[in-house]
Amino acid sequence: MVSGFDKYFQIARCYRDEDARGDRQPEFTQIDMELSFTNREEVLETTEGMMGYVFKKTLNYDLPVHFDRISWDDAFDLYGSDKPDLRFDLKMQDAAFMADLSDFNAFKAGAANADKSVERHKRSGLKALVVKNVADKYSRKMIESLESVAKINHAKGLAWMKVDANGAFEGGISKFFAGKESEICSKLGAEKNDLLLFVSDEKWQTACVALGAVRKQLGKDLNLYDPKDVFHFAWIIDFPYFAWNEDENHWETEHHMFTLPQKKYWDTLESDPGSVKGDLYDLVLNGYELASGSMRINDPALQQRIFKIVGYSQERAEKAFGFLVQAFKFGAPPHGGIAPGLDRLIMLMCHEDSIHEVIAFPKNNLAASPMDECPSPVDEQQLKDLHIVCTEVEKD
């Protein structure tokens with residue numbers, strides 16, 4: 001874009017050092033699109049048009065002209081994820097009011113807004129799920145399996161109780177809230193034979209993620225998916241720009257340092273980094289992140305401010321990114337883009353659970369190709385020609 005290109009796209013081969021799982025591997029392909037003199041609306045509309053054409057042409061499936069848009073805050077607060085599966089309508093709720101209804105101490109921390117991020121979002125870490133008309137189907141053992149899902153995602157536990165045929169609470173933590181059924185059910189929208197699930201944590205995002213994982217498991221267990229809503233796209237927008245690194249005691253960027261902060265936050269970048277939202281966006285489909293993109297910084301002075309906030313000295317920034325910072329000084333247009341993952345898109349279009357099913361020569365967990373045993377050992381002469389010495393170290 002600095003050299004004068006108005007727009008371009010490329011089918012790009014990418015290599016990333018990422019943990020292996022069903023929807024990713026170290027080597028993958030993406031459709032990389034970049035535009036000059038653009039804005040978020042144009043990028044989103046262009047992507048929506050492309051997806052609509054692809055699905056109609058290949059599957060004869062009609063997508064909506066425009067996709068849902070959900071803020072990052074709401075995505076976590078309602079679904080416990082920044083890539084929510086929206087094919088079923090099971091939303092989490094704020095249950096902070098319940099902390100004042102009993103002496104159940106586990107709920108106190110979650111409602112206290114003890115975490116910095118909670119103060120920023122003004123949302124509590126006491127979250128509830130009301131699962132309709134399943135109380136008679138869920139045994140204690142089944143609920144314990146849901147609790148294990150919550151604990152894997154760093155929750156201390158999963159509290160629960162059922163609404164019986166008479167409208168009273170039973171099981172789990174019900175003894176702490178006896179006599180409070182009317183108020184709780186009214187505020188949470190619970191009815192007879194509903195299962196109530198709770199996660200409480202002093203950190204809002206931890207509570208959201210843990211209960212969101214339970215939500216996702218319930219969607220599978222109860223087959224809650226809308227059969228007419230086969231492909232549910234949504235945009236996640238208004239991401240936090242900065243995140244506080246507690247281990248290293250400094251701010252760092254959530255996305256990358258070249259993402260454009262939303263203009264309304266420019267005056268308070270240094271004074272209130274935790275409130276800054278980035279001009280970036282993710283496209284999600286059926287619980288998977290399908291594409292990620294952003295508007296880019298094109299002003300050298302603004303770029304230097306971002307470097308300084310995240311602890312990059314001018315010397316370090318010049319050494320790491322000098323080629324880019326210098327280029328911006330010659331005048332770079334406002335620009336932005338997005339890059340949908342091609343392998344992941346095809347995986348979802350084929351209703352598969354792993355991109356290995358749609359890649360000709362997939363890699364295993366060791367980043368090796370079982371088909372051709374690549375990478376293969378390098379012989380001594382090749383190493384000698386390249387002046388490389390390999391040494392083996394015995395593990396203790």
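In this chain, numbering begins with 1 at the start of the sequence shown.
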* Asked: So which heavy atom on A150 is nearest to which on L158, and how close?
  -> CB-CB, 4.3 Å

* Salt-bridge criterion met for K277 and E254 (N-O under 4.0 Å) -> no

* Would you tell me whether D279 and Q262 have side-chain atoms, one donor and one acceptor, within less than 3.5 Å of each other? => no

* To do: Check the pair N153 / L211 against side-chain contact (heavy atoms from CB on, under 4.5 Å), numbers first and verdict last.
  => CA-CA 9 Å; N153 288 273; L211 196 57; over 6 Å; no

Which side-chain N or O atoms in residues 312-331 pair as donor and acceptor under 3.5 Å with protein atoms at least two apart or in another chain?
{"unit_1": "Y312", "atom_1": "OH", "unit_2": "R316", "atom_2": "NH2", "d": "3.4"}
{"unit_1": "S313", "atom_1": "OG", "unit_2": "R316", "atom_2": "N", "d": "3.1"}

* Specify whether W72 and F239 have parallel, tilted or perpendicular ring planes, treating 30° as the upper limit for parallel and 60° as the lower limit for perpendicular. => tilted

* Decide yes or no on salt bridge (charged side-chain N to carboxylate O under 4.0 Å, His left out) for E41 and R69, but give the supporting numbers first. => CA-CA 12 Å; E41 290 302 314; R69 297 188 185 188; 2.8 Å; yes

* Asked: Does C390 reach the side chain of L383, with side-chain heavy atoms less than 4.5 Å apart?
  -> yes

* Could you tell me the separation between the OG1 atom of T253 and the CD1 atom of I306, rounded to the nearest 0.5 Å? => 8.5 Å

* Report the C-alpha distance between S292 and D282 in whole Å, list the side-chain angles of each, state the deciding distance to 0.1 Å, and finish with yes or no for side-chain hydrogen bond (donor to acceptor under 3.5 Å, both in side chains). => CA-CA 4 Å; S292 184; D282 279 0; 2.8 Å; yes

* **Side-chain donor or acceptor of W266 paired with backbone N/O of P261 under 3.5 Å** => yes

* Asked: Looking at CG of L285 and CG of L290, how far apart are the two atoms once the value is rounded to the nearest 0.5 Å?
  -> 5.5 Å

* Asked: So, W160 versus E147: side-chain donor-acceptor pair below 3.5 Å or not?
  -> no

* Asked: When rounded to the nearest 0.5 angstrom, what distance separates CZ in R40 from CE in M295?
  -> 9.0 Å

* **Polar side chain donor-acceptor pair, Q25 to N364, under 3.5 angstrom** => no

* In Å, rounded to the nearest 0.5 Å, how long is the span from CG of L224 to NZ of K132? -> 13.0 Å

* side-chain contact (heavy atoms from CB on, under 4.5 Å) evaluation trace for Y288 with L348 -> CA-CA 9 Å; Y288 290 88; L348 293 170; 3.4 Å; yes

* Asked: Looking at L35, T47, L44, which one forms a side chain to side chain contact (heavy atoms under 4.5 Å, CB included) with I338?
  -> T47

* Asked: Is a side-chain N or O of K162 found less than 3.5 angstrom from the main chain of A135, in a donor-acceptor match?
  -> yes

* To do: Identify the heavy atoms of M50 and P340 that sit nearest to each other, and give their distance.
  => CE-CG, 3.9 Å

* Within a reach of under 6.0 Å around NZ of K220, are more than 12 heavy atoms found that belong to other residues, nucleotides or ligands? -> no

* To do: Kindly compute the distance separating CG (D136) from NZ (K192), expressed to the nearest 0.5 Å.
  => 13.5 Å

* **Flag, side chain of H66 to backbone of E45, donor-acceptor distance under 3.5 Å** => no

* Heavy-atom donor-acceptor pair, S200 side chain to G110 backbone, under 3.5 Å -> yes

* Could you walk me through whether K127 and D77 pass the salt bridge (charged side-chain N to carboxylate O under 4.0 Å, His left out) check? -> CA-CA 8 Å; K127 306 297 296 180; D77 206 45; 2.8 Å; yes

* To do: Could you tell me whether K7 atom NZ has more than 12 heavy atoms of other residues or ligands within 6.0 Å of it?
  => no

* Is the number of heavy atoms from other residues, nucleotides or ligands under 6.0 Å of D372 CG greater than 12? -> yes

* Evaluate the salt bridge (charged side-chain N to carboxylate O under 4.0 Å, His left out) criterion for residues R13 and D32: first the C-alpha distance (whole Å), next the side-chain angles of each, then the deciding distance (0.1 Å), finally the verdict. => CA-CA 10 Å; R13 298 292 287 170; D32 179 32; over 6 Å; no

* Structure fact -> In terms of heavy-atom contacts, G212 and M92 come closest through N-SD, 3.6 Å

* Asked: Under 3.5 Å, is there a donor-acceptor pair between the H232 and D85 side chains?
  -> no

* Look at the side chain of T259 and the backbone N and O of Y241, then say whether any donor-acceptor pair between them is shorter than 3.5 Å. => no

* Is R296 close enough and on-axis enough to F258, meaning under 6.0 Å and within 45°, for cation-pi? -> no

* Asked: Between F231 and H351, is the gap from one ring center to the other below 6.0 Å?
  -> yes

* To do: Take atom CZ of F88 as the centre, draw a 6.0 Å sphere, and report whether it contains more than 12 heavy atoms from other residues, nucleotides or ligands.
  => yes

* To do: Would you check, one step at a time, whether the test side-chain contact (heavy atoms from CB on, under 4.5 Å) holds for D221 with Y138?
  => CA-CA 11 Å; D221 293 347; Y138 265 78; 3.9 Å; yes

* For Y53, look at atom OH and say whether over 12 heavy atoms of other residues, nucleotides or ligands are found less than 6.0 Å away. => no

* To do: Look at the side chain of N133 and the backbone N and O of N193, then say whether any donor-acceptor pair between them is shorter than 3.5 Å.
  => no

* Asked: If we ignore angles and hydrogens, is there a donor and acceptor under 3.5 Å between the side chains of D94 and S124?
  -> yes

* Between S148 and S145, is there a donor-acceptor pair closer than 3.5 Å when you use the side chain of the first and the backbone of the second? -> yes

* To do: Tell me, yes or no, whether the heavy-atom count around K216 atom NZ, taken from other residues, nucleotides or ligands under 6.0 Å, exceeds 12.
  => no

* Output the rest of the hydrophobic cluster of L126: all Ile, Leu, Val, Met, Phe, Trp and Tyr residues reachable through side-chain heavy-atom contacts under 4.5 Å, sorted by chain and number. => F97, M98, L101, F104, F107, V130, M161, V163, F169, I173, F176, F177, I184, L188, L196, F198

* To do: Drop me the distance from T29's OG1 to I355's CD1, to the nearest 0.5 angstrom.
  => 9.0 Å

* Asked: Around atom CZ of F361, are there more than 12 heavy atoms of other residues, nucleotides or ligands at under 6.0 Å?
  -> no

* Give a yes or no on whether the backbone of L90 and the side-chain of R215 come within a donor-acceptor separation of less than 3.5 Å. => yes

* Can you find a side-chain donor-acceptor pair between Q303 and D299 that sits under 3.5 Å? -> no

* Within a radius of less than 6.0 Å around NZ of K56, do more than 12 heavy atoms belonging to other residues, nucleotides or ligands occur? -> yes

* Hey, does the side chain of H335 reach the backbone of P333 with a donor-acceptor pair shorter than 3.5 angstrom? -> yes

* To do: Ignoring hydrogens and angles, tell me if any N or O in the side chain of E352 forms a donor-acceptor pair with the backbone of V358 under 3.5 Å.
  => no

* Start with the C-alpha distance between H154 and T206, add both sets of side-chain angles, then the distance that settles side-chain contact (heavy atoms from CB on, under 4.5 Å), and finish with yes or no. => CA-CA 7 Å; H154 309 296; T206 299; 4.2 Å; yes

* To do: Begin with the C-alpha distance, continue with both residues' side-chain angles, and end with the deciding distance and a verdict on side-chain hydrogen bond (donor to acceptor under 3.5 Å, both in side chains) for T38 and E42.
  => CA-CA 6 Å; T38 190; E42 184 178 23; 2.6 Å; yes

